[in-house]
There are 2 protein chains.
Amino acid sequence: MHDVAAAASVSAKTVSRVFNDDPHVAPATRERILRAMKELNYVPNTLAQTFRSGRAPVVGVAVPDIADPFFSAIARGVEEVAVENNIAVSVTSLGDEPSREQPVIESLLRFQLTGLIVAPTSNDQSYLERWSGSTPMVFVDRAPTRFAGDCFVEDDRGGAHTATTHLIRHGHTRIGFIGDTLSIPTTHNRLEGYKAALDDAGIPYRPELVTFGARSAAGAIASLEFLLAAGPTALFSSDARCSMNVIPGMQEVHSADLALVGFGDFPMANALRPATTVIDQNPSNLGRLAMNRILDRIASPAKKFRRRTVLPVNLVERASCLVSWEAGTAGAAGVAATVGVAGTAGTAGNLPSELRPAV
Amino acid sequence: MHDVAAAASVSAKTVSRVFNDDPHVAPATRERILRAMKELNYVPNTLAQTFRSGRAPVVGVAVPDIADPFFSAIARGVEEVAVENNIAVSVTSLGDEPSREQPVIESLLRFQLTGLIVAPTSNDQSYLERWSGSTPMVFVDRAPTRFAGDCFVEDDRGGAHTATTHLIRHGHTRIGFIGDTLSIPTTHNRLEGYKAALDDAGIPYRPELVTFGARSAAGAIASLEFLLAAGPTALFSSDARCSMNVIPGMQEVHSADLALVGFGDFPMANALRPATTVIDQNPSNLGRLAMNRILDRIASPAKKFRRRTVLPVNLVERASCLVSWEAGTAGAAGVAATVGVAGTAGTAGNLPSELRPAV
DNA sequence: ATGAAAGCGCTAACAC
DNA sequence: GTGTTAGCGCTTTCAT
């Protein structure tokens with residue numbers, strides 16, 4: 001910058017004024033400086049500007065796994081709003097180990113970020129208390145525990161209730177619940193919704209129809225084998241990651257003739273046969289809302305905002321909920337039997353969620 | 001920091017020494033300072049450290065779309081290596097508009113990043129010349145044009161040749177090529193491989209069997225309708241995003257009885273019926289290699305590295321390549337006809353790529 | 001419309 | 001083992 005100032009025979013401050021679009025610069029001077037900047041190949045150092053201002057024009061996004069389509073869609077939504085405001089997005093995968101959450105997030109917070117958006121993996125965010133004054137934080141998908149932070153979550157309980165009720169209406173009474181772990185709030189709430197739906201229908205709750213650990217392909221198979229002993233005719237999968245593990249698992253253990261509704265859309269759900277009926281979530285909207293809240297908090301520090309926003313979800317009926325245990329024989333042939341229905345159904349081509357490949 | 005120094009009655013420098021793990025601090029002093037840091041709730045300001053050092057402990061990742069599973073897997077790979085080195089990862093989606101590439105990347109570069117990893121969307125990276133001295137840059141998936149940068153790409157030509165040859169061996173002679181756009185090098189190279197395979201088999205190249213624009217669901221359908229006029233019996237899809245659009249499209253236009261091989265694995269490819277045969281790419285490995293190269297470049301500025309690394313790809317045979325146009329009738333029934341084969345084939349459960357939901 | 005000086009929070013380089 | 005000085009590149013404040 002000094003070189004530019006020298007070349008244009010002005011002071012450093014005037015150079016600064018030029019690339020800050022300060023109107024108080026004579027057109028001639030501005031010209032001269034711009035020319036010098038070109039010639040000297042000068043670009044302002046964002047780091048120094050940032051340091052001076054005390055805030056990095058960056059929002060952090062911390063999610064369990066950025067490679068999970070659900071979370072990458074959230075990141076995409078955050079990004080859409082961030083770019084419009086000249087803010088960069090730094091993403092971090094927290095992984096499956098809850099104890100990693102705190103150190104990872106605190107190291108992010110040390111960057112003096114413009115804001116932080118997190119889908120937590122642990123069940124205690126009280127360590128964020130000391131940071132709450134300095135960096136606006138917003139939670140997505142999962143509400144914080146022992147910490148009062150803004151959050152945007154989905155209607156987990158209601159969605160699970162809808163899904164379960166849908167299966168009940170199709171005549172199912174032995175409906176399995178397959179989830180990740182109760183320690184994440186979404187799974188907890190969805191189990192509540194599942195229970196409530198059973199209760200509302202007068203169907204007794206049976207613990208042997210509830211299982212966890214479908215976070216991995218192997219876990220999904222173990223879960224299925226456990227469930228199968230209880231003779232379910234339908235399954236409710238508690239999240240998209242589970243669904244993506246459970247569906248191949250069902251094919252593998254020859255239980256593809258169970259009806260299925262999953263919470264959360266996922267890539268190719270509508271191309272499977274039968275196409276998977278899901279509760280649609282709109283994750284990129286979640287990201288956009290979170291990013292907008294960060295901006296609002298900064299713009300209006302005194303204003304009160306609703307801490308917790310619960311977004312509605314809706315059932316996307318495709319075909320997997322129509323599969324009937326009684327109609328087919330066990331094994332893969334059961335899938336074939338239902339293909340005609342699914343393949344020709346008008347709903348099969350539904351593309352409701354933003355999880356589809358490209359728009 | 002000054003407050004801490006005062007509270008512990010030492011100088012600022014000594015405080016700095018403590019949180020930098022400098023051994024030249026008396027244990028008693030260190031104790032005293034640590035206590036003061038706790039009490040005053042002090043955390044070192046990363047921004048200032050960063051500014052002082054002149055480099056942000058951040059690598060940029062710029063890809064067409066972070067929500068695309070292929071690119072989010074690359075980002076995940078970068079992240080894995082980055083965290084081990086206390087480096088944050090900032091991701092940016094370049095979008096589908098090539099002209100956005102330069103401004104977006106240059107604004108990233110102004111951050112004095114530790115390094116930048118790019119999958120470019122434009123076909124001219126000459127603007128990076130002026131930055132090449134200051135920030136190590138590595139290209140992934142797509143080699144740079146008019147710019148000499150490190151790159152890690154896949155054997156596009158070879159993989160496409162393998163895929164096409166595989167279809168030819170299954171008796172196909174009218175094989176359609178369906179891609180995004182020739183302006184990205186991968187599609188260009190894959191078309192070359194496709195042509196070469198036809199040539200090697202003595203099959204004449206027919207332009208009416210080649211189409212582009214399958215970047216969107218609508219584009220895929222248009223592509224399919226165009227292709228269908230030429231009466232193909234099989235399809236080669238040039239990338240995962242195309243495959244994810246083409247497969248639902250095939251169902252929609254009742255062309256599901258075409259054999260298919262796709263370049264690039266994608267979520268649920270192995271759960272579809274027929275399961276999709278693909279050329280497997282290992283995107284997260286691409287990310288890890290790129291991040292390691294950045295670190296290597298920094299550690300050994302003088303050392304020579306191979307500019308261009310071409311990674312081998314391999315065919316993952318599932319079932320979609322076995323579909324035979326002659327065997328089924330047109331429409332969804334064609335799918336049903338092949339389900340038995342696919343569903344019971346030993347290869348159906350293959351999980352080769354890192355694109356599967358969770359590991 | 002332009003410039004001079006001071007300083008953001010931290011850390012090399014050098015005392016002591 | 002600990003302190004002092006100076007400065008990273010920019011911008012704010014206050015003159016001129």
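Every chain is numbered from 1, with letters handed out A, B, ... down the list of sequences.
Counting non-hydrogen atoms of neighbouring residues, nucleotides and ligands closer than 6.0 angstrom, the CZ atom of A:Arg307 exceeds 12 such neighbours.
Counting only heavy atoms from C-beta on, B:Ser11 has its side chain closest to D:dG3 among D:dG3, D:dC10, C:dA1. The nucleotide whose nearest atom lies closest to any side-chain atom of B:Ala12 is, among C:dC10, D:dG1, C:dT11, C:dT11.
Defined by atom type and a distance below 3.5 Å, a donor-acceptor pair is missing between the side-chain atoms of A:Arg76 and A:Ser72. For the residue pair A:Ser122 / A:Asp124, no side-chain donor-acceptor distance below 3.5 Å is found, with atom types taken as modelled. With 3.5 Å as the limit, one finds a donor-acceptor pair spanning the side chains of B:Gln125 and B:Glu101.
Here B:Thr29 lies in heavy-atom contact (under 4.0 Å) with sugar-phosphate atoms only.
The separation between A:His2 atom NE2 and C:dA5 atom C1' is 11 Å, rounded to whole Å. Here D:dA15 presents its P atom at 16 Å from NZ of A:Lys13, a figure rounded to the nearest Å. Rounded to whole Å, the distance from CE on A:Met1 to P on D:dC8 is 12 Å. For A:Asp22 and D:dT12, the CG to C1' distance is 12 Å, given to the nearest whole Å. Atom C1' of nucleotide C:dA5 and atom CZ of A:Arg52 are separated by 12 Å, given to the nearest angstrom. Regarding A:Asp3, its CG atom lies at a distance of 10 Å from the P atom of D:dC10, rounded to whole Å. The CG-P distance, from A:Leu47 to C:dC8, rounds to 18 Å in whole Å. Atom CD of B:Glu31 is separated from atom P of D:dT2 by 13 Å (rounded to the nearest Å).
For D:dG9, the OP1/OP2 oxygens have no side-chain nitrogen or oxygen of A:Gln49 closer than 4.0 Å. For the OP1/OP2 pair of D:dG3 and a distance below 4.0 Å, the side-chain nitrogens and oxygens of B:Thr14 include at least one atom meeting the criterion. The phosphate of C:dG9 (OP1 or OP2) has no side-chain N or O of B:Tyr42 nearer than 4.0 angstrom. The side chain of B:Asn45 contributes no N or O atom lying less than 4.0 Å from OP1 or OP2 of C:dC8. Distances shown here put a side-chain N or O of B:Ser16 below 4.0 Å from the OP1 or OP2 atom of C:dT11.
A donor N or O paired with an acceptor N or O is found under 3.5 Å between the base of C:dG3 and the side-chain atoms of A:Arg17.
Along DNA chain D, the nucleotide nearest B:Arg32 and the nucleotide nearest A:Thr46 are compared for position; the residue whose nucleotide lies closer to the 5' end is B:Arg32. When each of B:Pro27 and A:Phe51 is assigned the nucleotide of DNA chain D with its nearest heavy atom, B:Pro27 is the one assigned upstream, toward the 5' end.
Using a 30° and 60° split on the angle between ring planes, B:Phe51 and A:Phe51 fall in the parallel class, below 30°.
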